Protein chains: 2
Amino acid sequence: MKNMFTQSEENYLKAIFHLQEEAGEGVSTSALAELLETKAASVTEMIKRLANKNLVDYKKYYGVQLTQTGRKQALTVVRKHRLWESFLVERLNFNWDEVHEVAEQLEHIRSPKLVEELDRFLGRPAYDPHGDPIPDASGNLPKAPKKRLSQLKEGQKGVCKGFNDASSAFLKFLDDQDIGMHTEMKVMQIQSFDESMTVQVGKRQVLLSKTATDNIYVED
Amino acid sequence: MKNMFTQSEENYLKAIFHLQEEAGEGVSTSALAELLETKAASVTEMIKRLANKNLVDYKKYYGVQLTQTGRKQALTVVRKHRLWESFLVERLNFNWDEVHEVAEQLEHIRSPKLVEELDRFLGRPAYDPHGDPIPDASGNLPKAPKKRLSQLKEGQKGVCKGFNDASSAFLKFLDDQDIGMHTEMKVMQIQSFDESMTVQVGKRQVLLSKTATDNIYVED
DNA sequence: ATAAAATATTAGCTTTGCCTAAATTTTAAT
DNA sequence: ATTAAAATTTAGGCAAAGCTAATATTTTAT
Ligand SMILES: [Mn+2]
Ligand SMILES: [Mn+2]
Ligand SMILES: [Mn+2]
Ligand SMILES: [Mn+2]
């Protein structure tokens with residue numbers, strides 16, 4: 001059996017991938033330990049195992065980086081994680097904030113056919129319920145990942161491209177504010193203490209909470 | 001964490017449950033070893049662990065039997081296994097002969113909500129794609145396991161008790177043939193080359209493919 | 001009733017993963 | 001440039017699960 005990784009190995013690869021995404025360069029032992037809720041000593045050990053399997057490049061005391069193979073493997077796990085999250089939210093009435101733990105388990109199920117069929121069944125979604133891009137079967141990520149409204153800075157404009165919270169209450173609220181798909185918005189002001197935003201929508205100014213802006217996707 | 005069993009423990013409980021179903025009484029170490037594709041020594045060890053946790057009654061050299069708690073736990077695993085099999089076949093285009101391996105993994109996913117929602121999503125099926133009964137949430141098994149029409153021999157009669165394929169196309173087809181719940185049928189002839197059946201329904205003779213007869217449950 | 005064959009258990013080892021404590025290396029501060 | 005602090009690795013253990021080889025017990029055949 002060649003392409004066989006343990007659940008733990010897959011979790012490490014995914015964690016390294018995520019940390020690499022944002023921080024770039026070498027991922028530190030302590031960052032991994034924190035993210036994986038384990039101890040530094042355990043991380044060092046696993047890192048050595050992954051390095052032996054050529055999944056990561058490891059320079060003692062200076063952190064790890066995924067190899068090509070490691071990245072590829074990490075991407076298949078990310079793909080499964082996000083597809084399952086989509087399934088849970090769109091078909092099984094899960095709320096977007098209660099899917100993570102289950103997806104954390106489901107992402108380790110081994111079956112190429114299952115992944116492919118799940119993808120088809122869901123209509124080949126490009127983004128998961130949190131707005132994160134879903135890698136395709138070959139590991140390609142949609143290049144321009146959606147942004148959340150909450151990620152825009154004061155003065156920036158964006159066009160609404162989707163919502164995360166599909167609850168009817170939220171959608172109704174948006175409708176009341178004249179916010180819908182393709183609505184153009186401009187960030188007028190951000191309150192620092194609670195990150196709420198005043199947003200220009202057409203000729204109206206609307207105040208949106210962080211919770212709300214987290215759930216609105218925009219394109220600039 | 002109380003109700004936490006490892007994947008291996010769950011596999012053992014399920015195996016003991018199955019062997020108990022057919023053979024009754026004490027389940028032997030060797031039978032378990034064979035079913036689980038492991039060695040007798042390993043089985044003995046695990047059995048002792050399960051006995052410590054009061055999941056089985058174990059008398060050295062005389063095999064094991066599930067306790068009430070053990071049986072309950074085994075049933076939740078069986079329930080998940082069969083629900084997932086149903087999902088794979090009915091929604092993900094899996095063939096009924098290629099679901100077992102994947103279900104073997106999926107059955108260990110821990111999430112009560114997931115199980116409940118999956119059950120609802122599938123329309124609370126009573127039988128899995130192999131015609132095996134799916135325990136309900138409290139662990140009750142439908143007492144008289146249904147038979148598939150395809151399992152009847154020439155000359156035998158049966159009363160339709162349910163369908164496996166819930167697709168509207170299939171149900172419409174059945175409706176056209178005047179086949180519905182509680183319809184009485186008699187197997188007139190079975191074609192050996194494709195296992196299709198000529199069935200007497202009321203005063204009409206109907207030809208049903210193997211695929212169709214696999215998806216019709218009967219009681220004789 | 002005894003011996004042989006079949007089953008089951010125990011003993012001793014291995015791997016994976018994780019932990020704490022001790023030692024080492026790097027980084028930050030004086 | 002030293003030294004103190006922070007981060008990392010190493011050493012030594014532990015639990016889960018598996019395996020093989022050696023024993024022990026039960027069953028079957030003579
Ligand atoms: Mn995971
Ligand atoms: Mn997500
Ligand atoms: Mn299993
Ligand atoms: Mn089945």
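Heavy-atom basis, side chains included; hydrogens, waters and symmetry copies ignored. Quick note on labels: first sequence line is chain A, next is B, and so on, each numbered from 1. This structure is a prediction, so every number in the text was calculated from the model and none was measured.
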Whole angstrom is fine here: how far is it from [atom1] in [X] over to [atom2] in [N]?
X     : N      : atom1 : atom2 : answer
B:L50 : C:dT9  : CG    : P     : 13 Å
A:K48 : C:dT15 : NZ    : C1'   : 15 Å
B:E34 : C:dA8  : CD    : P     : 12 Å

So for atom [atom1], which belongs to [X], do other residues, nucleotides or ligands contribute more than 12 heavy atoms lying within a distance under 6.0 Å?
X      : atom1 : value
B:E34  : CD    : no
A:K72  : NZ    : no
A:Q156 : CD    : yes

Salt bridge or not for [X] and [Y], using N-O below 4.0 Å?
X      : Y      : answer
A:R79  : A:D119 : yes
B:E101 : A:R110 : no
A:K113 : A:E116 : no

* Measure from NZ or CZ of B:R82 to the centre of the six-membered ring of B:F87 and say whether it is under 6.0 Å with the direction within 45° of the ring axis. => no

* Please confirm whether B:R91 makes a cation-pi placement over B:F121, using NZ or CZ under 6.0 Å from the six-membered ring centre and within 45° of the ring normal. =>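 Cation-pi check for B:R91 and B:F121: passes.
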
When you measure from every atom of DNA chain C, which of [range] have a heavy atom less than 4.0 Å away?
range                     : result
residues 57-64 of chain A : A:Y61, A:Y62
residues 9-20 of chain B  : none
residues 37-47 of chain A : A:T38, A:K39, A:A41, A:S42, A:E45, A:M46

With a cut-off of 3.5 Å and sequence neighbours excluded, list every side-chain donor-acceptor pair involving residues 57-66 of chain A.
none

* For this output row, return yes or no: ring centroids of A:H100 and A:H81 closer than 6.0 angstrom. => yes

* Do any side-chain nitrogens or oxygens of B:S30 fall under 4.0 Å of OP1 or OP2 in C:dA8? ->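 It does, given that an N or O in the side chain of B:S30 lies less than 4.0 Å from OP1 or OP2 of C:dA8.
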
* Measure the shortest side-chain to side-chain distance between A:T198 and A:V187 over non-hydrogen atoms and say whether it is less than 4.5 angstrom. =>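 They are not in contact (no side-chain heavy atoms under 4.5 Å apart), so the answer is no.
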
* Any salt bridge (Lys or Arg N to Asp or Glu O under 4.0 Å) pairs touching residues 10-19 of chain B, not counting sequence neighbours? ->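 Output for this query lists B:K14-B:E104, B:K14-B:E107.
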
* First and last nucleotide of DNA chain D touching chain A, 5' to 3', heavy-atom cut-off 4.0 Å? ->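 Span of nucleotides near chain A: D:dT8 to D:dT10.
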
* Asked: Can you check whether B:I190's main-chain N or O pairs, donor with acceptor, with B:E154's side chain at less than 3.5 Å?
  -> yes

